[in-house]
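In what follows, a single structure is set out as structure tokens and then discussed.
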Amino acid sequence: MDKKEELVIFPKSPNKTYGLMELTKTKSFQVESGPDNTVSSWPHLFFRELLLFMGVFIALMIISLLFNAPLEEQANPSNTPNPAKAPWYFLGLQEMLSWTHPFWGGIFIPTVVAIILILVPYFDRSQKGVGIWFAPERKLANLLFTIFVVLAVGLIVVGEFLRGPNWQLFWPWNMPSPH
Amino acid sequence: MKKNRLLDLLTNNRFYKSVFRHDYPDNDISRSEVVTGNLLLHIQSVKVHKNTIRTGYTLGLGLISFYLFVILTITGILLMFYYIPSLERAYNDMKDLEFAVSYGIILRNLHRWGAHGMVAFVFLHMCRVFYTGGYKQPREFNWGIGVVLLIITLFLSLTGYLLPWDQLAFWAITIVAKLIGTVPPESILGANLSQLVLGGTIVGQNALIRFYVMHVVVLPLVAAVLIGVHFWRIRKDGGLSRPAEE
């Protein structure tokens with residue numbers, strides 16, 4: 001392409017601050033787009049996902065080879081264990097219902113917590129700090145949620161490790177044998 | 001570019017093309033067709049933001065929860081071949097799984113530990129989404145679905161807890177049943193709810209079959225549908241949450 005022909009196709013304009021520098025061969029073209037921050041799902045994402053699955057399965061298999069799932073004696077309605085405990089993820093509820101009428105700790109509070117959790121995005125509508133771990137703009141929200149997490153986990157820990165016969169508090173090293 | 005001859009043999013034939021609807025994905029067009037040419041398009045975009053594959057952002061917690069659900073479904077189906085939900089059989093079937101069925105104890109361990117793991121990882125996933133502000137517009141509804149999925153996960157785990165029919169199972173469910181009975185007014189609503197869940201006034205055969213059906217049919221089905229909606233909404237809401245572009 002000689003100079004004259006080039007000027008006809010790409011005329012120099014005094015309003016432009018840029019010009020055509022060169023034509024290059026690339027795999028794809030993008031018109032009027034900013035810097036591209038994306039990658040193809042295949043293979044970049046899918047291989048990571050596959051790798052994670054392998055990791056999860058191997059870890060679970062190792063745990064399953066090392067530790068057997070608990071199995072106690074056959075169910076016996078006439079032999080009440082002391083204390084009888086719910087599955088660990090419900091021990092927070094069991095802990096709460098040992099304080100008040102069971103309805104408040106066992107039904108009312110968890111229902112209210114679930115409803116509040118679902119409604120959180122409709123109260124906390126600021127778009128600041130999205131996509132950033134522990135964004136400084138979200139101190140209050142993070143603090144409130146951390147209180148919720150600490151309470152939820154804390155009550156489970158108390159129920160699982162500190163409650164013994166008659167739902168009395170014991171340190172784990174003083175815990176009486178259940179039988 | 002010179003193609004690998006073995007790869008060419010495997011992918012350049014009518015069978016491969018009838019299944020995958022695209023060439024071997026070694027260029028941008030066929031790589032995008034991996035997604036657009038498959039059912040996958042409904043949950044996965046052709047390209048994802050770099051933030052999506054940043055391990056330190058998601059920690060893979062949601063995906064781990066889903067993988068555990070898949071593993072639980074597969075091991076659960078296998079366990080169903082060996083388990084009869086009757087008072088006479090249930091506990092003995094547990095013993096058989098441990099001592100008579102080849103690799104039965106590993107199957108049960110995978111299911112049990114996987115279930116504990118799923119409860120933990122769904123909760124951790126919720127914490128991740130909260131601490132990164134991932135529930136904000138336009139993802140409010142998907143957050144709500146996520147909370148419901150957490151509750152379903154808890155109920156899936158609870159209904160499974162009764163099935164071994166050992167002391168642990170029996171008394172844990174007895175406690176939960178008493179709890180349900182406290183919904184006021186107790187004599188009307190509480191008693192009837194407890195009756196509905198147990199199929200009687202005590203944890204017995206009726207309770208076992210009810211928990212079993214909920215555990216192997218109803219709850220997994222609801223969970224699977226909601227997981228589908230959850231994934232589809234991630235895509236429709238613009239992919240994973242990420243920091244605003246500069």
Side-chain angles (χ1 to χ4, degrees), chain A residues 27-28 37-45 48-49 52-53 56-57 60-61 63-65 67-77 79-81 84-87 89-90 93-94 97 101-103 106-107 114 117-118 120-122 124-125 127 129-135 138 142 145 149, chain B residues 25 28 31 34-35 44-53 60 63-64 67-68 71 91 94 105-106 108-110 112-114 117 119 127 130-133 135-137 140 143-144 147 151 154 157-158 161 164-172 174-176 179 182-184 202 241-243:
Chain A
K27 288 193 289 183
S28 65
N37 280 324
T38 60
V39 292
S40 317
S41 300
W42 175 279
H44 300 285
L45 179 63
R48 283 169 168 82
E49 291 184 340
L52 182 62
F53 178 78
V56 168
F57 187 70
L60 189 62
M61 190 54 105
I63 293 170
S64 299
L65 288 169
F67 305 102
N68 277 350
L71 186 68
E72 297 187 350
E73 305 93 80
Q74 185 159 15
N76 182 358
N79 176 15
T80 314
K85 287 188 181 182
Y89 36 85
F90 283 132
L93 304 190
Q94 199 178 353
L97 61 92
H101 184 273
F103 169 74
I107 306 278
L117 274 176
I118 290 174
V120 157
Y122 301 99
D124 177 22
R125 293 189 293 193
Q127 285 287 327
V130 172
I132 299 160
W133 274 92
F134 308 112
R138 291 173 29 78
N142 285 339
F145 190 75
V149 171
Chain B
D28 279 3
R31 273 179 188 152
V34 170
V35 176
Q44 184 61 63
S45 53
V46 171
K47 292 192 144 201
V48 291
H49 195 274
K50 275 181 184 158
N51 190 62
T52 303
I53 57 169
L63 205 54
I64 291 174
Y67 286 157
L68 288 172
I71 293 171
Y91 185 75
M94 288 295 121
I105 186 66
I106 293 177
R108 187 162 109 78
N109 290 349
L110 283 172
R112 183 78 170 212
W113 301 133
V119 172
C127 295
F130 192 95
Y131 286 127
T132 56
Y135 56 81
K136 301 200 170 204
Q137 202 197 22
E140 307 104 313
W143 165 268
V147 175
I151 295 166
L154 291 173
S157 199
L158 179 72
Y161 210 79
W165 203 251
D166 61 347
Q167 281 287 75
L168 204 61
F170 181 85
W171 290 101
T174 301
I175 290 170
V176 174
L179 190 60
T182 62
V183 178
I202 53 151
S241 59
R242 58 178 174 270

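This one's a predicted model, so the numbers in the text were calculated from it and none came from an experiment.
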### Task
Report the option among V46(B), T52(B), I106(B) that has the most heavy-atom pairs separated by less than 4.5 Å from atoms of chain A.
V46(B)

### Message
Under a 4.5 Å cutoff for heavy-atom pairs, which residue among L93(A), L65(A), T80(A) has the most contacts with chain B?
### Response
T80(A)

#### Entry: Most contacts with chain A, counted as non-hydrogen pairs under 4.5 angstrom, among V34(B), V48(B), V147(B)
V48(B)

#### Entry: F170(B): ring pair (Phe, Tyr, Trp, His ring centres under 6.0 Å) partners, not counting sequence neighbours
W165(B)

#### Entry: Atom pair CD (Q137(B)) and CD (Q127(A)), whose distance is rounded to the nearest 0.5 Å
5.5 Å

### chain A contact via V35(B) - side chain, backbone, both or neither, heavy atoms under 4.5 Å
side chain

### Task
Take L45(A) and Q44(B), measure what side chain to side chain contact (heavy atoms under 4.5 Å, CB included) needs, and give me the verdict at the end.
CA-CA 10 Å; L45(A) 179 63; Q44(B) 184 61 63; 3.4 Å; yes

### Task
Find the distance between CE (M94(B)) and CD (E72(A)) and round it off to the nearest 0.5 Å.
14.0 Å

### Query
From W113(B) CH2 over to M61(A) CE, what is the distance, rounded to the nearest 0.5 angstrom?
15.0 Å

### Message
Which atoms of E49(A) are under 4.5 Å from chain B, going by heavy atoms: the side chain, the backbone, both sets, or neither?
### Response
both

### Summary
Checked V56(A), V120(A), V130(A), L97(A) vs chain B; the most non-hydrogen pairs under 4.5 Å come from V130(A)

### Query
Is V149(A) close to F130(B) at the side-chain level, that is, under 4.5 Å between some pair of heavy atoms?
no

### Summary
Closest non-hydrogen contact found for S64(A) with N109(B) is O-ND2, 2.8 Å

#### Entry: Smallest separation among heavy atoms of K47(B) and S41(A), with atom names
N-OG, 3.8 Å

### Query
Is N76(A) reaching over with its side chain to a backbone N or O of Q167(B), donor-acceptor style, under 3.5 angstrom?
no

### Task
Quick one: pull up CZ in F53(A) and CD1 in I71(B) and give me the separation to the nearest 0.5 Å.
4.5 Å

### Task
Answer with side chain, backbone, both or neither: which region of I105(B) has an atom nearer than 4.5 Å to a non-hydrogen atom of chain A?
side chain

### Heavy-atom contact with chain A under 4.5 Å, split by part of I202(B)
neither

#### Entry: Y89(A) to V119(B) - nearest heavy-atom pair and separation
CB-CG1, 3.9 Å

### Task
Please state whether the side chain, the backbone, both or neither of F134(A) comes within less than 4.5 Å of a heavy atom of chain B.
both

### Query
Can you tell if the side chain of I64(B) reaches within under 4.5 Å of the side chain of L52(A), non-hydrogen atoms only?
yes

## Note on the structure
Sorted by chain and residue number, the salt bridge (charged side-chain N to carboxylate O under 4.0 Å, His left out) partners of D166(B) (sequence neighbours excluded) come out as none

### Query
Heavy-atom distance under 4.5 Å between the side chains of L71(A) and R108(B), does that happen here?
yes

### Which atoms of I53(B) approach chain A - backbone, side chain, both or neither, heavy atom under 4.5 Å
both

### Query
Parallel under 30°, tilted from 30 to 60°, perpendicular over 60°: which one fits the rings of Y131(B) and F145(A)?
perpendicular

### Message
Please identify, among N51(B), I175(B), V176(B), L154(B), the residue contributing the most non-hydrogen atom pairs under 4.5 Å to chain A.
### Response
I175(B)

### Summary
Rounded to the nearest 0.5 angstrom, the CG-NZ distance for N37(A) and K50(B) is 5.5 Å

### Distance (rounded to the nearest 0.5 Å) between I63(A) CD1 and R112(B) CZ
14.5 Å

### Interface moiety of S157(B) toward chain A, non-hydrogen atoms closer than 4.5 Å
both

### Query
Which one of P87(A), P43(A), S40(A) has the most heavy-atom pairs closer than 4.5 Å to chain B?
P87(A)

### Task
Tell me, for L60(A) versus chain B, whether the close heavy atoms (under 4.5 Å) come from the side chain, the backbone, both or neither.
both

### Message
Quick check on I151(B) against chain A: is it the side chain, the backbone, both or neither that has a heavy atom closer than 4.5 Å?
### Response
side chain

### Query
Quick one: what part of Y161(B) sits under 4.5 Å from any heavy atom of chain A, side chain, backbone, both or neither?
side chain

## Note on the structure
Checked C127(B), S45(B), A169(B) vs chain A; the most non-hydrogen pairs under 4.5 Å come from C127(B)

## Note on the structure
Among G117(B), P184(B), S241(B), the residue with the most heavy-atom pairs under 4.5 Å to chain A is P184(B)

